[in-house]
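Below is one structure, written out as structure tokens; comments come after it.
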Amino acid sequence: MNLEKDKYIIVEIIPTHSKVEKGIIAQISALKLEGLKLLDRFDYRLKDELIENKDLREMIQYDKNSFTYVDNPYFILEKFKSWVKDFPLLIMEDSYTLDYLKELKNKKEMIYPYLNMEHSYDVFHQIMKKYNLEPSDHLVDLLYEAIIYESNNKNKEEKNN
């Protein structure tokens, strides 16, 4: 996929459990892009009272006004399915993300190879350090900024050669 030209979506899923049989999707944040141009964003979250895990509930208390809140955990995925259309998905984590998105037939790829990185427990710290980014609770935004930096670096290298 050419991240400078193609249409794609960067997606982050926060589930209540790492196993789909035991959990539900608490939050989906996603950016719809065409090349480096932001077309749309998707920020849906379950209402607080539906998230039984207190630690998770506290973890996702940021930017409350930026999210659409729903009281049906299955509505988030249904709304996301119609929003993504047939765009390929760039995901951050493959073990539970693929399970939660198995109903979607979209092409799914890890984002890290596009950033010349590998997924690790501290990958977002590494991304912030590599691209000199400010911390953000919106991981999809950090990844979008990193893609822009990669594109700019690639274009500089091509001009120098």
Side-chain angles (χ1 to χ4, degrees), residues 1-16 18 20 25-46 55-69 76-77 79-161:
M1 180 173 7
N2 183 336
L3 300 189
E4 294 178 3
K5 295 179 182 173
D6 295 342
K7 292 181 179 182
Y8 58 97
I9 293 173
I10 303 169
V11 61
E12 174 195 21
I13 291 184
I14 299 178
T16 58
S18 61
V20 73
I25 295 173
Q27 176 179 306
I28 296 180
S29 291
L31 301 178
K32 187 181 285 183
L33 302 162
E34 182 171 358
L36 302 178
K37 180 183 174 192
L38 178 64
L39 301 176
D40 198 6
R41 71 179 301 132
F42 185 96
D43 292 299
Y44 276 73
R45 186 183 281 165
L46 270 182
D55 293 334
L56 176 62
R57 191 170 52 243
E58 287 176 10
M59 182 183 90
I60 63 172
Q61 289 301 306
Y62 59 88
D63 290 347
K64 287 183 152 271
N65 294 334
S66 300
F67 288 85
T68 299
Y69 287 84
I76 294 175
L77 187 56
K79 186 75 173 168
F80 187 66
K81 279 186 208 176
S82 65
W83 185 81
V84 300
K85 300 181 178 161
D86 62 350
F87 283 49
L89 305 176
L90 289 179
I91 61 174
M92 300 180 207
E93 197 286 334
D94 60 354
S95 65
Y96 63 79
T97 300
L98 291 175
D99 286 344
Y100 278 95
L101 296 179
K102 67 183 169 208
E103 294 176 31
L104 278 75
K105 302 303 178 206
N106 305 57
K107 179 179 179 184
K108 300 169 191 82
E109 291 183 61
M110 292 290 286
I111 193 169
Y112 306 111
Y114 293 100
L115 304 176
N116 300 305
M117 301 180 85
E118 291 186 17
H119 179 68
S120 65
Y121 73 93
D122 69 339
V123 71
F124 285 97
H125 174 73
Q126 291 177 34
I127 287 171
M128 289 185 297
K129 185 177 176 182
K130 179 177 181 179
Y131 300 105
N132 197 28
L133 301 175
E134 294 294 320
S136 173
D137 290 320
H138 294 275
L139 301 180
V140 291
D141 292 339
L142 285 175
L143 293 170
Y144 180 36
E145 288 184 61
I147 289 169
I148 291 169
Y149 273 92
E150 279 295 322
S151 174
N152 289 340
N153 290 338
K154 180 180 163 189
N155 291 334
K156 283 180 192 175
E157 287 175 17
E158 288 173 0
K159 284 182 182 179
N160 292 335
N161 290 335

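For the single chain, residues carry numbers from 1 onward in sequence order. Values reported hereafter were calculated over all heavy atoms of this structure, with side chains retained and with hydrogens, waters and symmetry mates removed.
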Heavy-atom distance under 4.5 Å between the side chains of [X] and [Y], does that happen here?
{"X": "Met128", "Y": "Pro135", "result": "yes"}
{"X": "Phe124", "Y": "Leu139", "result": "yes"}
{"X": "Leu90", "Y": "Val11", "result": "no"}
{"X": "Ile147", "Y": "Tyr8", "result": "yes"}

Between [X] and [Y], which heavy-atom pair has the shortest distance, and what is it?
{"X": "Leu133", "Y": "Leu142", "answer": "CD1-O, 3.7 Å"}
{"X": "Leu56", "Y": "Pro15", "answer": "CD2-O, 3.5 Å"}
{"X": "Tyr44", "Y": "Phe67", "answer": "N-CD2, 3.8 Å"}
{"X": "Asn106", "Y": "Lys108", "answer": "O-NZ, 3.2 Å"}
{"X": "Val140", "Y": "Ile10", "answer": "CG1-O, 3.8 Å"}

Next on the checklist: What verdict does the side-chain contact (heavy atoms from CB on, under 4.5 Å) test give for Leu101 and Leu77, after you've listed the backbone C-alpha separation in whole Å, the side-chain angles of each residue and the deciding distance to 0.1 Å?
Outcome noted: CA-CA 8 Å; Leu101 296 179; Leu77 187 56; 3.9 Å; yes
Under 3.5 Å, sequence neighbours excluded: what are the donor-acceptor pairs made by side chains of residues 27-37?
from	atom 1	to	atom 2	distance (Å)
Gln27	OE1	Arg45	NE	2.7
Gln27	OE1	Arg45	NH2	3.0
Gln27	NE2	Tyr62	OH	2.7
Ser29	OG	Asp43	OD1	3.0
Lys32	NZ	Trp83	O	2.6

Checklist entry - Which pairs, with at least one residue in residues 55-65 and sequence neighbours excluded, count as a salt bridge (charged side-chain N to carboxylate O under 4.0 Å, His left out)? => result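 Of all non-adjacent pairs touching residues 55-65, those that pass salt bridge (charged side-chain N to carboxylate O under 4.0 Å, His left out) are Asp48-Lys64, Lys54-Glu58.
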Item to check | Intermediate values then yes/no, side-chain contact (heavy atoms from CB on, under 4.5 Å), Leu143 and Leu115 | outcome: CA-CA 9 Å; Leu143 293 170; Leu115 304 176; 3.9 Å; yes
Next on the checklist: Would you say that more than 12 heavy atoms from the other residues, nucleotides or ligands in this model lie under 6.0 Å from the NE2 of His125, or not?
Outcome noted: no
Item to check | Over 12 non-hydrogen atoms of neighbours within 6.0 angstrom of CD in Gln61 | outcome: yes
Next on the checklist: Determine whether a donor-acceptor pair (N or O, by modelled atom type, separation under 3.5 Å) exists between the side chain of Tyr112 and the backbone of Met92.
Outcome noted: yes
Checklist entry - Under the 3.5 angstrom rule, does the side chain of Thr97 hit a backbone N or O of Glu93 as a donor-acceptor pair? => result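 Side chain of Thr97 to backbone of Glu93, a donor-acceptor pair under 3.5 Å: yes, one is there.
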Item to check | Qualifying residues under ring-ring contact (aromatic ring centres under 6.0 Å, His included), relative to Tyr114, sequence neighbours excluded | outcome: none
Checklist entry - Parallel, tilted or perpendicular: which describes the rings of Phe42 and Phe80, with under 30° parallel and over 60° perpendicular? => result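 If you compare the ring of Phe42 with that of Phe80, the planes turn out perpendicular.
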Checklist entry - Rounded to the nearest 0.5 Å, how far does CD of Glu145 lie from CG of Asn132? => result 10.5 Å
List in chain and number order the residues that pass salt bridge (charged side-chain N to carboxylate O under 4.0 Å, His left out) with [X], two or more places apart in sequence or in another chain; answer none if no residue qualifies.
{"X": "Lys130", "answer": "Glu150"}
{"X": "Glu103", "answer": "Lys81"}
{"X": "Glu134", "answer": "none"}

Next on the checklist: I'd like to know if Lys107 and Asp86 make a salt bridge, using a cut-off of under 4.0 Å between side-chain N and carboxylate O.
Outcome noted: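 The answer is no: the pair does not qualify as a salt bridge.
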Item to check | Test side-chain contact (heavy atoms from CB on, under 4.5 Å) applied to Met117 and Ile127, step by step | outcome: CA-CA 9 Å; Met117 301 180 85; Ile127 287 171; 3.5 Å; yes
